Structure formats: structure tokens, C-alpha cells
Amino acid sequence: MGDFDVADRVSVGLHGRSDEMIFEATVRDPSSELYGSTVVLRQLMSFQAKRRGRRALEVLKKLARRQMMYHSYAMQVHGYVTPGNDVEQDDGSFILVHGYHGSYSLRHWLQLSDWLPTLEATLALDEEQVRRVGDDSVGGPAVTRQLRLIRILMRDLLIGVNYLHSHGLAHTELRLENVHVSPIDKHVKVGILGNAVDFHDNDPRNSTLASNDERRKMMIAFDMRCVGFIMAKMVLRELMDSSTFLKFKSFLTKGDDPACLREFLLPILCRNSPSGNIGLQMLDRQWGAGWNLLALLLATKPDKRISCVDALRHPFLCGPKWRINPSVDVIRWGLGSTAVRMAEDYIYGQHQRRRLAYFVELMEVLNPNPRTENWLNILPGHWRLLYCTGKHIGLTLRQPSPRILITDVFLTFAQTSDSIDPVFSLTSDIGFKIMAESDWPHDKSGSEGTLSVTSSARIATGRIYIHEQDGDDSRVASSRSSRRYLRGKWRKVSKMKELPASLPTVNITMDELDVSMSCSSTLNVSSAQKVLQEIRTQTPPEMFDLSKIVCGTYVDARLMILRGVNGSALFFTRSNSRADS
């Protein structure tokens with residue numbers, strides 16, 4: 001300990017446990033290569049803490065073959081201090097000596113009010129730096145600057161984690177508190193690796209080729225999930241709040257598909273951002289590529305999680321100057337995300353409606369789950385209506401009495417357990433408000449209510465015909481030329497030289513309907529009839545008369561398209577419990 005000048009304080013960003021004591025010190029031994037440099041002395045008190053320290057030394061020996069990578073992406077361990085220089089002692093003190101990389105962990109950087117310009121200055125971003133992420137400029141709007149910085153940090157983090165995985169190690173403790181940004185070499189450091197775990201079991205009784213391969217996949221999947229949490233907190237600053245992050249994590253723990261995270265988080269992201277949430281804008285860019293990467297990192301099934309190498313090739317982490325070839329799944333995701341964004345905006349012009357209808361039809365051509373078995377597995381759940389390609393009738397020009405504002409429209413599929421055939425209980429819930437007639441354009445408050453329509457639905461294999469020569473009785477959607485679908489970038493996705501004569505669908509057959517309506521205010525019979533008539537006027541007829549839904553043409557984990565008897569398409573997104581509920 002005589003080799004160090006110990007400071008009387010420590011930086012706030014140095015993260016420790018209850019069984020550790022942390023000191024900052026300066027090396028004062030002139031014969032040392034570290035002379036004059038700042039280091040961290042981590043005094044390990046308990047048996048578990050000393051075991052972590054010994055493990056950090058073991059990992060150092062294992063990674064020493066590629067020193068440059070180790071120094072760039074891991075917090076360098078310089079050595080240790082013990083009374084008798086015996087690292088195996090359990091009763092004596094054990095002090096691990098490792099590198100000091102600035103006063104902040106990544107969590108503390110992100111908690112600064114001016115974190116963006118401060119971190120940009122720390123990384124000394126210039127044109128040479130931003131070329132590492134496929135960009136060629138600095139500055140710009142806040143969204144562009146933040147996205148550029150997150151690309152730099154995420155790519156560095158993934159390179160460091162991949163470095164560990166390629167050496168047969170899993171980090172197992174990736175958190176914002178354990179990640180540091182070095183102002184010296186401008187790299188992300190992934191901690192001292194005291195809890196790093198070998199992919200292969202050291203016990204020969206349990207070590208087989210199959211078990212080791214399974215263990216390796218599980219360890220990598222665990223690290224990638226941790227990387228997903230780090231990315232989520234970097235992009236969505238609201239998740240830095242512990243209560244909000246608990247809801248976010250609970251959503252995933254319950255088994256909800258992370259592909260639906262946008263629908264889950266949308267209310268809380270827009271709550272305090274009337275001009276637009278920056279994190280939401282970043283994830284929505286490039287046709288929703290950020291949401292896709294987040295879903296792949298946090299996938300419910302470990303074998304579905306993306307690897308470090310594939311994540312580094314993902315469009316969200318590649319700047320505008322890099323030419324990338326996204327997979328078919330990523331392009332299909334982008335198509336659906338674009339349709340969702342368009343549906344969220346009020347559709348004013350006929351050209352917008354035509355474009356959205358085209359996107360819906362293109363999604364039907366690229367349906368990833370055409371088999372009936374896929375529909376039976378994916379269909380159960382709560383779906384929110386986003387858009388209908390049929391006729392839209394609003395309030396502005398008609399000025400009816402009463403003034404009814406339609407809020408959310410949901411379609412719920414629940415599979416019945418008392419039937420051998422695939423039968424679903426189907427419920428359409430139409431939320432509405434009865435507004436005051438005097439000032440309804442400015443005051444949207446009023447009595448709330450719900451119109452519910454229930455029925456039973458049977459699912460069977462079917463087809464939809466899209467060529468003009470097929471009979472009118474069989475054709476539900478309007479015909480479109482092959483050239484419309486197979487031009488440009490969509491040619492690569494479909495891999496079809498010409499459009500097929502028909503597409504696989506599922507036919508939906510309804511039983512009898514049961515209609516009920518509830519309202520927070522008391523209505524007489526005449527008023528209730530007028531309210532019901534106005535709801536039917538503004539709502540797609542298929543949502544009131546469920547028997548008019550004839551087939552399903554597209555479904556995945558987050559989106560669904562159903563077709564009505566008149567050919568109109570109903571576009572849904574899966575709705576889980578909300579983050580603000």
C-alpha cells in the first residue's frame with residue numbers, strides 16, 4: 001500500500017457493493033509503469049467479494065493474448081495487494097487494483113442535465129469519430145446528435161461483449177452502473193469482469209458437447225438481454241425512473257412479446273412531450289428499425305435473441321453512409337411500422353388513403369404466417385383498431401346530435417377450451433364519449449361509455465383471389481397488377497417474378513351476435529338509440545356487425561389485417577396492458 005497516495009474522496013460514478021470498499025489513489029512508485037496515474041483500489045471484504053476478485057485475475061490471464069482488445073473494451077485489472085502476496089488467502093485483506101476511467105459510469109452520464117454536449121465533448125466527436133458509425137457530419141438537430149452518440153456507444157458496447165463471447169466468456173453483469181466511457185481512448189469499458197462465466201462447465205461429469213452448447217447459448221442470450229436493457233435506458237430516458245422501468249420489465253417478465261413495446265410505452269412517452277418524444281422519434285426512424293432491434297435484443301425466447309455480430313449489422317446501428325442489406329424480416333417490419341405511423345396521423349387527402357391501402361395490400365402479399373396453425377397460435381389477445389380502408393364518416397361537416405367522439409376500438413379473441421374445433425370467443429369493444437354540443441370542437445370531455453358486441457368465431461383455411469380472371473364471388477380485395485407490387489425494393493422481399501393468382505388466408509365464420517351498451521350517464525330510450533346510431537355511423541360496420549368480417553389476410557406478433565365482406569381492410573395492432581395503467 002506504500003506504492004499509493006490514497007485520495008480522501010471517491011468519484012460518484014464508481015460502483016461498489018456492500019461487501020466492498022473503494023478508494024481512488026495515485027501510483028507514486030517511480031519504477032512502476034503506472035507512475036503518476038490514477039487507479040482504483042477495491043478492497044474486497046467477504047468471501048464472495050474475494051472470489052470475484054480472483055475471477056477478475058483469471059479472466060485477465062485468459063484475455064491477455066489480445067491485449068489491445070482487452071485494454072480497449074474492458075476495465076483493465078493491474079494487480080492486487082494482499083498481506084502475504086497470496087491471492088488464495090481467505091482470511092486476510094484482498095485489494096484489487098484496476099483502471100480509473102473518469103468520474104462517471106454511463107448511468108451518471110445519462111443523469112446529467114447537459115449529458116449530450118458533455119458526452120460529445122468527452123468523446124471529442126469529429127468527422128473521423130463519426131465515420132465509425134457510418135456518418136460523415138457532426139452537429140445537427142438534437143434527435144440526430146443523440147442517435148449518432150447512441151450508435152457510437154452501442155457499437156462499442158457490442159464489440160466489447162462480442163470480444164468476451166469469442167473467448168468463451170459471458171459477462172453476466174452488464175448494467176449502466178458497470179459501464180464506463182474512457183476520456184483517454186474514447187472507448188466503452190464493460191467492467192472488471194469479476195462475475196464473468198465460462199461457457200463450458202469445468203465439471204467433467206456435467207460437461208458434454210450438447211450441454212456445453214446449450215449453456216453457451218443461454219449465457220449469450222442473457223448478456224444480449226442486458227444489452228437490450230442498456231439500449232432501452234439510453235434511448236428512452238423515462239426508463240431511468242425506477243417505477244417506470246419496473247413496469248417495462250414487468251411487461252417482459254409476464255411473457256408479452258417485446259415486438260409490442262411501442263404500443264405499450266406510447267402513452268407514457270407522449271405524456272410530457274407535446275412536441276414529440278426524442279426517444280420515440282429515434283426508434284421510429286428508418287421505418288421503426290430501433291423498435292425492431294430492441295425486440296430482437298429482448299426476445300422472450302433466448303434462442304430468438306440477436307447476436308452481437310448481427311446487431312452490429314442492424315440498420316439502426318448503421319449510419320446513413322453505410323450501404324446495408326437488411327433481412328426480409330427487417331424490411332417486413334419496416335413496412336408494418338410505416339403503415340402504423342401513417343395510420344396514427346389523421347388521413348386528410350385521398351392520396352394518403354391510397355398509399356396506406358397500398359401498404360396494407362403489400363403486407364398481405366408478404367404475410368409471414370399464412371398457415372391456419374399460425375393464426376390459431378397468434379390470434380388470441382387484445383387488438384386495437386388503427387385504420388379501416390373503407391368509408392370514413394366524422395363529425396365536422398355533419399354536426400349530428402348527439403356529438404359522439406369514438407375513443408379506442410378493440411377486438412378481443414379468446415380461445416374456448418370446451419370445443420375440439422378451433423372456436424374463439426370474439427368481442428368488439430367500442431369506446432365513446434358523449435360531448436357537450438355547445439363547445440365540442442374545443443372541449444372533448446363528456447360522459448364515457450362502451451358498446452360491446454360478442455360472438456363466436458370459427459377459423460378455417462381459405463384463399464383470397466387477386467387476379468381479375470377469377471370470379472367476382474371469390475374475390476374480396478380489388479385486383480392490382482403484379483408490376484405494382486414487385487417493383488423497386490419490394491422485389492427483393494417478395495422474391496416473386498409475378499404475383500400469384502391467390503394468397504392463403506383464414507376464413508372466419510361468425511355465430512349469433514350479442515350487443516350491449518353501458519354509459520356513465522343515464523340515457524332514456526330515445527337518446528340511447530341516437531347514440532347507438534351515431535356510433536354505427538362513425539365506426540366501420542365490421543366492428544358492429546362482426547358477421548361482416550370474412551377472412552384474415554395478415555398476422556404477426558404485433559399486427560393483424562382482417563377483410564370485410566365489402567372488401568375493406570381492418571388494420572389492427574396488438575394491445576397489451578398499458579404502461580400508465
Side-chain angles (χ1 to χ4, degrees), residues 255-260 263 295 299-301 304 328-329 332-333 335-337 339-340 359-389 409-429 453-466 474-477 493-494 500-511 513 540 542-543 545-565 567-576:
D256 291 321
D257 198 309
C260 307
E263 174 75 6
T300 306
K301 295 181 179 179
K304 298 297 183 182
V328 172
D329 289 336
R332 187 186 288 115
W333 176 286
L335 182 62
S337 296
V340 170
F359 270 59
V360 167
E361 293 169 355
L362 187 54
M363 289 174 66
E364 292 173 328
V365 174
L366 304 176
N367 181 17
N369 299 295
R371 298 173 62 87
T372 305
E373 293 80 3
N374 302 137
W375 281 82
L376 296 177
N377 294 328
I378 301 174
L379 202 53
H382 206 44
W383 300 85
R384 181 169 68 91
L385 179 65
L386 285 174
Y387 184 73
C388 174
T389 58
V409 180
F410 294 100
L411 194 62
T412 305
F413 287 85
Q415 193 158 12
T416 57
S417 57
D418 55 350
S419 175
I420 300 176
D421 298 327
V423 178
F424 289 90
S425 171
L426 187 58
T427 304
S428 171
D429 292 308
V453 183
T454 59
S455 180
S456 295
R458 298 179 183 275
I459 307 296
T461 303
R463 298 196 73 83
I464 182 172
Y465 293 90
I466 55 179
S474 304
R475 190 168 62 252
V476 178
V493 185
S494 60
S502 62
L503 296 173
T505 65
V506 292
N507 291 338
I508 303 176
T509 307
M510 302 290 178
D511 291 338
L513 304 178
E542 294 85 357
M543 296 305 295
D545 186 355
L546 296 176
S547 62
K548 292 185 177 181
I549 298 176
V550 294
C551 68
T553 55
Y554 182 94
V555 71
D556 61 23
R558 62 180 182 134
L559 300 174
M560 176 177 68
I561 299 173
L562 303 179
R563 285 278 178 178
V565 69
S568 61
L570 303 173
F571 184 36
F572 295 87
T573 180
R574 189 184 294 277
S575 177
N576 303 92

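Residues take their numbers from the sequence shown, with the count starting at 1. Quick caveat: nothing in here was measured; it's all calculated off a predicted structure.
- In this structure, Ser455 contributes its side chain and Asp511 its backbone to a donor-acceptor pair below 3.5 Å.
- In this structure, Thr553 contributes its side chain and Glu364 its backbone to no donor-acceptor pair below 3.5 Å.
- Remark: the backbone N or O of Ala569 is paired with a side-chain donor or acceptor of Thr389 at under 3.5 angstrom.
- Scanning all heavy atoms of the two residues, the minimum distance from Pro368 to Asp556 falls at CG-CB, 4.3 Å.
- Going from atom CE of Met560 over to atom CG of Leu385 covers 9.0 Å, rounded to the nearest 0.5 Å.
- No donor-acceptor pair under 3.5 Å is formed between the side chain of Arg558 and the backbone N or O of Asp257.
- The distance from the CG atom of Leu335 to the CG atom of Leu366 is 6.5 Å, given to the nearest 0.5 Å.
- Closest heavy-atom contact between Thr412 and His382: OG1-ND1, 2.7 Å.
- Side-chain contact between Leu426 and Phe413 is present, with at least one heavy-atom pair separated by less than 4.5 Å.
- Between Phe410 and Thr427, every side-chain heavy-atom pair lies at or beyond the 4.5 Å cut-off.
- Of all heavy-atom pairs between Tyr554 and Trp375, the closest is O-CH2, 3.3 Å.
- Not one N or O on the side chain of Arg563 forms a donor-acceptor pair closer than 3.5 Å with the backbone of Val550.
- Residues Ala457 and Ile508 come closest through the heavy atom pair CB-CG2, 3.9 Å.
- Rounding to the nearest 0.5 Å places CD1 of Ile459 at 8.5 Å from OG1 of Thr372.
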